[in-house]
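First the structure, in the form of structure tokens, and then the observations on it.
Scope of the values below: all heavy atoms of this structure, side chains included, with no hydrogens, waters or symmetry mates. The sequence lines fix the lettering, A, B, ..., with proteins before strands; numbering per chain opens at 1.
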2 protein chains.
Amino acid sequence: MLKYQEIAIEIEKYIEENALQQGDKLPVLETLMTQFAVSKSTITKSLDLLEKKGMVFQVRGSGIFVRRHKRKGYISLLSNQGFKKDLEDYHITSNIIELDVRTPTEEASHNLNIEPNADVYYVKRIRYINGQTLCVEESYYNKAIISYLNKEIVSESIFDYIREGLGLKVGFTDSYLHIDKLNDEEANYLGLNKGDPKLYVEGIFHLTNGQPFDFSKVTYNYQQSQFFIQSNGYLL
Amino acid sequence: MLKYQEIAIEIEKYIEENALQQGDKLPVLETLMTQFAVSKSTITKSLDLLEKKGMVFQVRGSGIFVRRHKRKGYISLLSNQGFKKDLEDYHITSNIIELDVRTPTEEASHNLNIEPNADVYYVKRIRYINGQTLCVEESYYNKAIISYLNKEIVSESIFDYIREGLGLKVGFTDSYLHIDKLNDEEANYLGLNKGDPKLYVEGIFHLTNGQPFDFSKVTYNYQQSQFFIQSNGYLL
DNA sequence: AAGTGGTCTAGACCACTAA
DNA sequence: TAGTGGTCTAGACCACTTG
């Protein structure tokens, strides 16, 4: 583990353990430098990391302050932000509708950047959060990268398997969202009515080396769709 | 302008002018260092900035590569990401319903962190994108910070005025999103039907020093709600 | 004016990738 | 094993905030 990551975790712990609130001041850089016995750049890098995660904000000439949002029940839209604990409060299960190897649709081959006759794992599943329908998900995994999947893996977290089982490093994601009305089939899967709102998300997931390995199309139950975003700019 | 920002802009230009595509390789660090005549840390900082903006990804041991999404017509959900040009393609206008000074609702005073009897500017407006309804927006501005607003300012970009007219520095934002059905009033404002989908966003906007200055409640027309997010983790 | 965070450098050394 | 990006240091100097 790198120094600046360890220090970031330490500071995160410090904030949690002392139940610091939005606006509370952290020790000054000088103090942190001597306390952790590292150079200024390293502390700065730790703090930049925490700032990126939305946990602190730094004010030049003034200090380093805690940033915490107050509302419960909202899921961070960017998983690299906020406390991981947020997600541990939820119990997610899956019901697998389909799982097989096939050739991709034109759309999928385009987004995965593979030949139309290449092999992909196709997974269709309904996901539940605390027993309620969360979403219907259709995914295409590039079989050249994700060499093996089975029902057991697909019932659990596929991404945990990709990281730990296959030893691959997940990098960045491009997601496209829009809001629309449910069609018959989707309403049926989610236990809602045709014409009800839906959040539809297409995601292209890449390894750290830039290779796309997963193209997913997900329709969310609007009743479960409470998200929050901490940004350093502003929406729209 | 800081060196690392200038260099980031130069590299951005370079990508645009050469029409580089996803996966194209940039010059190696060594080259960039000598080309811009700066130290390694400075180049690294520029590249980190571009990575945060979703324009490049760096692979240790391999190189620095361009990251670009392909789809048009999607608005970046995080304004600090992507090309600014994306937003210039849209023409946004406003129709002001209400504008006055009043005391905040309990909700607004809580989110703005001010006394219930403090003054706020209340603004309610409908916003149009290329002539179609985009959203209905209700905003509360802390008058102690945003000392003056008028119809003219409110018809244009309020944030441009805050930055340029008032000389304030906008910092971070906490946004809470959910999806629901339009009620009668909202449907009326947006020219849609009751029960149609809506994207509802509450935003708390802070200055760089952490002071909240704006609490906004915005209901978006679902037909205009096409967003994309570039993240370095993954959604849900 | 004193305190505090931010930028930038030059260079040593480390970790990963690809041929 | 050569090439390439990432971490870390020590210290100089700069920019902003606060009393």
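If you measure from atom CG of B:Leu32 to atom P of D:dT4, you get 12 Å, rounded to the nearest angstrom. For B:Glu6 and C:dG6, the CD to C1' distance is 16 Å, given to the nearest whole Å. What separates CG of B:Leu47 from C1' of D:dG6 is a distance of 12 Å, to the nearest Å. As rounded to whole Å, 18 Å separates atom P of C:dT7 from atom CZ of B:Phe36. To the nearest angstrom, P of C:dG6 lies 12 Å from CZ of A:Phe57.
In this structure, A:Phe205 and A:Phe213 have tilted ring planes: the angle between them lies in the 30° to 60° band.
Every salt bridge (Lys or Arg N to Asp or Glu O under 4.0 Å) that A:Glu202 has, sequence neighbours left out, goes to B:Arg71. Here A:Glu51 pairs with nothing under the salt bridge (Lys or Arg N to Asp or Glu O under 4.0 Å) rule; sequence neighbours left out.
Residues B:Glu156 and B:Asp160 form no side-chain contact, since every pair of their non-hydrogen atoms from C-beta on lies 4.5 Å or further apart. Residues B:Tyr140 and B:Asp214 have side chains not in contact (no heavy-atom distance under 4.5 Å, counting atoms from C-beta outward).
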Where protein sits on nucleotides 10-19 of chain D, one letter per nucleotide: B base, S sugar-phosphate only, - none, heavy atoms under 4.0 Å
B---BBBBS-

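Contact annotation for A:Ile64: backbone-only contact, meaning every heavy-atom pair under 4.0 Å involves sugar-phosphate atoms and none involves a base.
A distance of 6.0 Å or more separates the ring centres of B:His178 and A:Phe227.
Mapping A:Pro27 and B:Gln5 onto DNA chain C via the closest heavy atom, the residue that lands nearer the 5' end is A:Pro27.
Listed nucleotides: C:dT9, D:dG6, D:dC8. Nearest to the side chain of B:Gln58: D:dG6.
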